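Structure, as C-alpha cells:
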Number of protein chains: 2
Amino acid sequence: MSNPVLVEVTRGSLVESRHRGAAAVVDADGATVLALGEVGAPIYPRSAIKALQALLLVESGAADRFGLGEEELALACASHGGEPGHVAGVERMLRAARLDASFLACGTHWPLHQPSSQALARGGGRASALHNNCSGKHAGFLCAACGLGVEPRGYVEPDHPVQREVKATLENLGGVSIADAARAIDGCSVPTWAMPLTALARAFARFGTGRGLVSERAAAARRLREACAAKPWFVAGTGRFCTEVIGHFGARLLVKTGAEGVFCAALPELGLGVAIKCDDGHGRAAEAVMAAVIARLLPLEEKDRAFIAQYVRPQLRNWNGTVVGAIRPTQALSG
Amino acid sequence: MSNPVLVEVTRGSLVESRHRGAAAVVDADGATVLALGEVGAPIYPRSAIKALQALLLVESGAADRFGLGEEELALACASHGGEPGHVAGVERMLRAARLDASFLACGTHWPLHQPSSQALARGGGRASALHNNCSGKHAGFLCAACGLGVEPRGYVEPDHPVQREVKATLENLGGVSIADAARAIDGCSVPTWAMPLTALARAFARFGTGRGLVSERAAAARRLREACAAKPWFVAGTGRFCTEVIGHFGARLLVKTGAEGVFCAALPELGLGVAIKCDDGHGRAAEAVMAAVIARLLPLEEKDRAFIAQYVRPQLRNWNGTVVGAIRPTQALSG
C-alpha cells in the first residue's frame, strides 16, 4: 500500500516533512465522487464518528427525557478542550440522568485547552474524567443507557446494549457489515470498529441528508447537526479547527476530527460525506486535507474562500512568532 | 522520493498508522555502513545536533572561563523539560557570564514536563524563556559569545560570529560545505542548516571518536560526551527517551532527538554515527527507529537487550492504562 503524499510541510526553501494519506468522498447511495489513495482498506474511525455514536442518545428518547439542549447534544458529539463550560455541560448531562462523574469510564487527563489546564492547576484543582476530551460522548452513552432502560455501568463493553446499538447504527449508516475482528479499543476505552473510508464517507452522507435512513434516525441526525451548528464551541473549543470551521459555515457542514489522522465531514447541500485518514496519524495533515476538500467541493463566496484558505495553507510560526514555514496541499489533493 | 515504512503502529488486529523514513549509519571517514531510504537528500537537523553546536562553548574557552560543570555542559546539549533543576542550571550558566534571562532569544513556552508546568501554574508562576526546551543551548551560545569576546546580543543571527563558527564546525564534522540557501529558521530562532543524513551521521561518528578532528575539537567533543553521560537528566528530563537511554548505556552512546522526526547518535565503540529522519516528522517513530538501530548495531548483554526492547516495541496504553496497541519496527528496519 502506498498512498499519495497529500500534504507537505515546508521550512525555509525545503520541504521538511511529508504526509501521505487517503480520502474518500461518497454520496448517500455509496457512489464515490472522489477517491485519493487506498479508500477500501478498513481504518479505525476513532473520535471522528462521535456524532454517529450520539444518534442513540436521541433515538432512545433519552435526549428528550432528560431535557438535553443544543449544548449537551453538541457535547455528545465533541472532542472538547476541557474548558470550564465543557465540564459544566457534561455535569448537566450526568445530573439530568441522576448520575455523576464516577460513572464515566473514559479515564482522566488534564484539559487539552492549555489555559484551562493552567487555571485548573493554579486553583489547586486536579484533572478528572470530566476533563477528558471524550467525557461528553461518555455522558451521552450513559444517558442513552438510561434511555434504553438498561444498567449504565459497563457501557464501554462491546456487548453492552449501548455499544451493540452503536455498532448496528454504524452498519446501517455505512452500508456495511462489521466483523467482530474489526474491533479495537479506543483511547477512551469504548470499542472502535474498523471500516473502509468509503463506508465512513457514505455514513456521513446519510447522516448529513437522511437519505436511506428511517425517519426517526434521519430526524435524530438533523437534530444533532443543528445542535453542532448552533453551538460549535461545544464540539471542540476555543481556537480549534472543528469549532472555527463549523462556526463559519454553520449548518452547511459538520466536520469532526479523530485521533491518528482521521477526519470526517458531512456536506448536506452536496449530499456528500467525506472521510480522511493520514497514514502517519498526524492531525495537522488531516486538518489541511479536510480544509482542501472543503475548498475544492463546497460552493464558496469570497469571504468563505479567504476563511478556509488559512486552514488549507497555514503558516508555521516559531516561539518568537517568526514565520518559518507552511503547510500546503500537494497537487494530488488540489486536483 | 519514497522512503520505506520503518515503523508501524498497531491497534487491535490492524496496523493503524505507518511511518516512513530514512536512516544512515556512517563512520568517521564517511563510509556508509547502513543506508535505509534516501540518505543523500538534505534535511534540517533541528535540535538533534545541539551537542555539535555546543562545541564552540568549550573550544572558545568559555566553559573553562565561566567554570561550567557537567550539568551546564549537558544543558547546552539539551532539549530539556523545563523542570526546576533545568531552569536553575540555565540560570547558573547565565549568571556565570554576567548575563540574565533577558538575553535569551529562544522565545517562551511552558515546561514540556507536565508536572513541572502544573506546579509552575499552581505556584502562580508564568512561563519564561528559561522554560523553553532550548534555553540551555541558548545560554551556551551566549557564554560562547562572551568567550569569543563578541557582543552576545544578536547571537541567533546567521551572520553573528557564534553562528558563523557553528556553521564552520558542522562543515568540518560532516565533511561537506553548506550553501547559504540551505538555511532555515529553527523553532527557537537560531539558523538550522540542511545537510544530508550521511553527512550528519559522519559528523556524529567524528564527534564520538575524535577521528579526523584537530585535537582541541576532539577534546571538546569528549568533554561534552562525558558530561551528557554523567548527567543524562540534564539532556532531556524525567522519563524522556534521551535521558533514559543515555542513563542506561552511559558513555557507550550519545543520542539526541530533534523536532520533525530527526534523531542522531554517536556510537563511539563502533566508530559510527547515526542520523534518522522520519518523513512525517513524528517523534514516536524516530524514537523507535533509533532504538531499533541501537539494538541492531551495539553489542548488547541480556539486560541491555531487555532495556532497549521497551523502546523498540513500546506498548500503547489508553487513558485507563489498558494496552490498546503497540509500536513496532518493520522488516526494512530490523534487517
Side-chain angles (χ1 to χ4, degrees), chain A residues 1-3 5 9-14 16-20 41-44 46 105-110 114 117-124 127 129 132 134 156 181-189 192 194 259-261 277-282 284-285 318-325, chain B residues 1-3 5 9-14 16-20 41-44 46 105-110 114 117-124 127 129 132 134 156 181-189 192 194 259-261 277-282 284-285 318-325:
Chain A
M1 192 182 85
S2 182
N3 283 324
V5 176
V9 181
T10 67
R11 180 175 297 262
S13 58
L14 296 180
E16 183 167 30
S17 297
R18 293 166 175 81
H19 299 283
R20 293 171 182 269
I43 64 115
Y44 297 117
R46 311 292 303 272
C106 48
T108 293
H109 66 69
W110 285 77
Q114 206 189 35
S117 183
Q118 286 153 0
L120 183 63
R122 205 175 297 122
N132 187 307
C134 299
V156 300
R183 188 183 76 227
I185 304 170
D186 211 328
C188 64
S189 293
T192 183
E260 291 294 330
K277 161 74 183 173
C278 289
D279 290 6
D280 54 65
H282 220 314
R284 68 180 176 190
N318 71 7
W319 294 113
N320 282 316
T322 308
V323 174
V324 293
Chain B
M1 192 183 86
S2 182
N3 283 324
V5 176
V9 181
T10 67
R11 181 174 297 263
S13 59
L14 296 181
E16 182 167 32
S17 296
R18 291 165 177 82
H19 299 283
R20 292 171 183 268
I43 66 114
Y44 298 117
R46 310 294 302 275
C106 48
T108 291
H109 65 70
W110 285 77
Q114 205 188 34
S117 183
Q118 286 153 0
L120 182 65
R122 205 174 297 123
N132 186 307
C134 298
V156 300
R183 188 183 75 229
I185 303 170
D186 212 328
C188 65
S189 293
T192 183
E260 291 295 331
K277 162 72 183 172
C278 288
D279 291 5
D280 53 65
H282 220 311
R284 69 181 176 189
N318 72 6
W319 294 113
N320 283 317
T322 308
V323 174
V324 295

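None of the values given here were measured: they were computed from a predicted structure. Every chain is numbered from 1, with letters handed out A, B, ... down the list of sequences.
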Which atoms of A/L14 are under 4.5 Å from chain B, going by heavy atoms: the side chain, the backbone, both sets, or neither?
both
Pick from A/L120, A/N132, A/D186: which one has the most heavy-atom pairs with chain B under 4.5 Å?
A/D186
Sort A/C106 into side chain, backbone, both or neither according to what part of it lies under 4.5 angstrom from a heavy atom of chain B.
backbone
Answer key: most heavy-atom pairs under 4.5 Å with chain A among B/H109, B/R183, B/H282 is B/H109
Determine, stepwise, if the pair B/K277 / B/E260 fulfils side chain to side chain contact (heavy atoms under 4.5 Å, CB included).
CA-CA 8 Å; B/K277 162 72 183 172; B/E260 291 295 331; 3.6 Å; yes
Greatest number of non-hydrogen atom pairs under 4.5 angstrom with chain A, of B/V324, B/T322, B/N320, B/D280, falls to B/D280
Could you check whether any side-chain heavy atom of B/S2 comes within less than 4.5 Å of a side-chain heavy atom of B/R20, counting everything from C-beta outward?
yes
Looking only at A/S17, A/G107, A/A184, the option with the highest number of non-hydrogen pairs under 4.5 Å against chain B is A/S17
Shortest non-hydrogen contact between A/S117 and A/W110, atoms and distance:
OG-CE3, 3.6 Å
Residues which pass salt bridge (Lys or Arg N to Asp or Glu O under 4.0 Å) with B/R11, listed by chain and number, not counting sequence neighbours:
B/E16
Sort A/T108 into side chain, backbone, both or neither according to what part of it lies under 4.5 angstrom from a heavy atom of chain B.
backbone
Contact check, side chains of A/S189 and B/N318, non-hydrogen atoms, under 4.5 Å
yes
So which part of B/I185 gets closer than 4.5 Å to some heavy atom of chain A, the side chain, the backbone, both or neither?
both
Distance-minimising heavy-atom pair for A/Y44 and A/A182:
CE2-O, 3.5 Å
Any idea which of B/G281, B/G187, B/G12 has the most non-hydrogen atom pairs under 4.5 angstrom with chain A?
B/G187
Heavy-atom distance under 4.5 Å to chain B: side chain of A/A105, backbone, both or neither?
backbone
B/D279 side chain to B/H19 side chain, donor-acceptor N/O pair below 3.5 angstrom
no
